[in-house]
Amino acid sequence: MSTLEQIRQRPILIISILGVALLLFILTAIDRPGELFTDNHTVAKVDGEKIDYMEFQKRVEAQQEQMQQRGYNNIDAAQVQEYVLQQMISETLMNKEFERLGLVVTDNELSKAMLGETPHPYVNQMVQSMGIPSAQMLYDAAYNPTKSGIDPQQAAQFQQAWLALEKDTEQMLLQQKFMSQFMGTLTANKLDAKALFDDNATTSTIAYAKKDLSSLADDDFQVTDDEINNLYKEEKNRYRIREEQRMVNYIAVDITPSTDDLAAAQKDVEDAVMGLRLNPGTDAVSGNSLFYVNRVSAPLSSLAPALKKVAPTMAVDSAAVVSFIDNRYTIAKMLGTTTSIDSVLVDLAFINENVDADSIISRLNTGAKALDLGDAIAQSQDSIWVSLLDPAMGALKDELAEAATGTYFAPANNNGQKGMTLRVRSRKAPVTVYDIAEITYDVAPSTTTVQNLNNALRNYLAANTTADKFISEATKAGYTATEAVVTPSSLSVNNVPDSRGAAKWALGAKKGQVSGVFTDDRDARLLAVAVTDIYDGNFIPATNNDVRTYLTNKIRNQKKAEKLIADYKGKATDVAGYAAAMQVKADTTQVTFGQPYVRNFPMFESALLANVAVAKKGELVGPVALNGSVVVFTVTEENNQGREFDFENDAMVFNQREGAASFQRTLPEVFLGNKKIDNRIQKFYSDRQQ
């Protein structure tokens, strides 16, 4: 039988062989074949809905940029990623709720909010934060660049900004629609408002004697495991968890200069100051990479605080250390002083390209206002104070300093702004301008210091290889072992910067295991971690230290209260007698049922409020067990405050305290309900880094 005939008789076998061969070819041709079979673009799933990596990463980058613009330096990427993902999870939950309710924002509603006669305050605020006077100007810059004299590349950036603002505005309008409906779900009726009024209308003055539970020794009231377990069963839902938790203790060692490092740095700085005094300019430090030179030319009002303090008293060519903060020396050398105009008050307008600029400038100079010239003016702004000493004003500095006041002109050097025309209104008197070299020197840990810190921690870990020893021996070695929780959604250990690696290790470690030494991205910290427990069920168990401590204290306090009540019950007939029996001082205070805090008592003593509310004037009540004491009291006076029931006012207070408004902060949890969140962020980044 020929080969061709055999192939014809076994088509399924041949197709299978070809399929396997093709698959093997694909797997060997790509760098990461595993991604063919895994969802490697989803950082989280919210009730089955995916949060895509690309959108997530855009949000992360935008958040980092915002933080940098606000002056935040050394941003920990992991903390930003966690924050952004939580935002996106909450938004996804809210959007699912909006969809369920059928809430939508129409094109007309969105257009009116953004470009209507009175744009939404949110839109105005966001646009002005970009340095743009109005939403219409942002829209024109994005989609009518020639009208605004905008470069096409800049227009593309403005389009992105506009689309982002449009999306945010739509989300904000949806939230407003939801809140307007939500706020009407839990509102006070007359019975609710009247009950709230009654709770707060009467203030009772009480005379009391209070015996603190702490007066009894803890050792005299032992708590058994059975008692703890029984109370835990009653309060188990208090400790429900949504994802696995790893209980860890960690030791963080800051890598800071040693005393030897500081002494060496001080010598370097003293030598530099002497050299600066003896040599011209900054020649004495120009060849030393440890010193960073920043030349400042500014009036006194614009100088940094440390320079502002010394500048008026420094002679030319003098040098001195002006501050030492956070291991950074700042040296100032006075290079000279001049006198110059600083502040100029100007009017600004941009003339559209399709009109005669000279004609428009002539009309402005003969009394026309920019706002009266319609489409001829793309945008304008009056009465702007500018500083001629600002480096950004360098191209315009000379013209603004010399131009006649009160006359519009087109500057020759217009910073690339097409159609710009300016008018100088006035100038402030010349000021002294200080030319100063601001020289900084950061004291860094030496290689020896870093090695010593590393060796000390490594030796400690080698000698204490179990979690118990890691914790118990820490104080003796000069370390602090701090408790923390790590979950699959954690990108750090207790928000310690750059601790992603330690968190990843903890998620893969066994109970009792101790890590090696982790260093951060900036070599500023050493970190070691020990896993003390793993909770992979639905609840934190009663064995958890915090849970066990809470349950033990609650049971012990109940026993103490029972003992004190048994000791003092019936021992007297009035407050003074009980005070004498308890060996405490009688006192008075005021109690209103609706208040969370009563003077001389801890917060939220609900048993005291309840007993006072039902007590009759002059009646002796107690001993009554409270959270931290046993009390006997008598209501001596009741004050009705003299206020009549006002439904509108009391309904408003009810809505704020107990109505929909009080649930706003917990809405994400309400939306979550029993929905499942599959947070893949830790594994997601781990997989992508492999």
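Contact detail for Leu364 and Lys369: the closest heavy-atom pair is CD2-C, 4.1 Å. Nearest heavy atom pair, residue Leu388 against residue Lys397, reads O-CD, 3.5 Å. What you find for Val486 and Ala503 is that their closest heavy atoms are CG1-O, 3.8 Å. Minimum heavy-atom separation, Ser258 to Thr449: OG-OG1, 3.2 Å. For the pair Val531 and Ala467, the tightest heavy-atom approach, listed with the atom from each and the gap, is O-CB, 3.6 Å. Across every non-hydrogen atom of Tyr460 and Lys469, the tightest pair is OH-O, 3.6 Å.
In this structure Thr466 satisfies the side chain to side chain donor-acceptor pair (under 3.5 Å) test with no other residue, sequence neighbours excluded.
A heavy-atom distance below 4.5 Å is found between the side chains of Val485 and Met247. With contacts defined as side-chain heavy-atom distances shorter than 4.5 Å, the pair Arg525/Asp498 does not qualify. In this structure, Phe324 and Leu262 have side chains that are in contact, with non-hydrogen atoms separated by less than 4.5 Å. Contact of the Leu507 side chain with the Pro488 side chain is registered, since non-hydrogen atoms from C-beta on lie closer than 4.5 Å. Using a 4.5 Å heavy-atom threshold, the side chains of Asp442 and Tyr292 count as separate. In this structure the side chain of Thr440 never reaches within 4.5 angstrom of the side chain of Asn294, judged on heavy atoms. In this structure, Leu389 and Ser297 have side chains that are not in contact, with every pair of non-hydrogen atoms separated by 4.5 Å or more. Counting heavy atoms from C-beta on, the side chains of Glu399 and Phe409 come closer than 4.5 Å.
Atom CZ of Arg425 has more than 12 neighbouring heavy atoms from other residues, nucleotides or ligands inside a 6.0 Å radius. For Met67, the CE atom counts as densely surrounded, since its 6.0 Å shell holds more than 12 non-hydrogen atoms of other residues, nucleotides or ligands. Enclosure of atom CE in Met54 is not indicated, since only 12 or fewer non-hydrogen atoms of other residues, nucleotides or ligands lie within 6.0 angstrom.
Using modelled atom types, one finds a donor on one side chain and an acceptor on the other under 3.5 Å when comparing Tyr83 with Gln87. Between Thr337 and Thr432, the side chains place no donor N or O within less than 3.5 Å of an acceptor N or O (distance only, hydrogens not considered). Looking at Glu270 and Gln266, their side chains do bring a donor and an acceptor atom within 3.5 Å of each other. Inspection of the Asn365 and Thr407 side chains reveals no N or O donor paired with an N or O acceptor under 3.5 Å.
Note: Tyr441 and Phe291 have tilted aromatic rings, judged against thresholds of 30 and 60 degrees for the angle between ring planes. Between His120 and Tyr122, the ring-plane angle classifies as perpendicular under the 30° and 60° cut-offs.
Under the 4.0 Å criterion applied to side-chain N and carboxylate O atoms, Lys428 and Asp342 are not assigned as salt-bridge partners. Here Lys167 does not pair with Glu91 in a salt bridge; the nearest charged N to carboxylate O distance is not below 4.0 Å.
Between the side chain of Asp261 and the backbone N or O of Ser446 there is at least one donor-acceptor pair closer than 3.5 Å. No side-chain donor-acceptor contact under 3.5 Å links Gln245 to the backbone of Thr487. Using a distance-only test at 3.5 Å, with no hydrogens or angles considered, no donor-acceptor pair links the side chain of Asn454 to the main chain of Gln451. Looking at Gln379, its side chain never comes within 3.5 Å of a backbone N or O of Phe350 through a donor-acceptor pair. Remark: the backbone N or O of Gln86 is paired with a side-chain donor or acceptor of Ser90 at under 3.5 angstrom. Listed for the Arg427 side chain is a donor-acceptor partner under 3.5 Å among the backbone atoms of Leu400.
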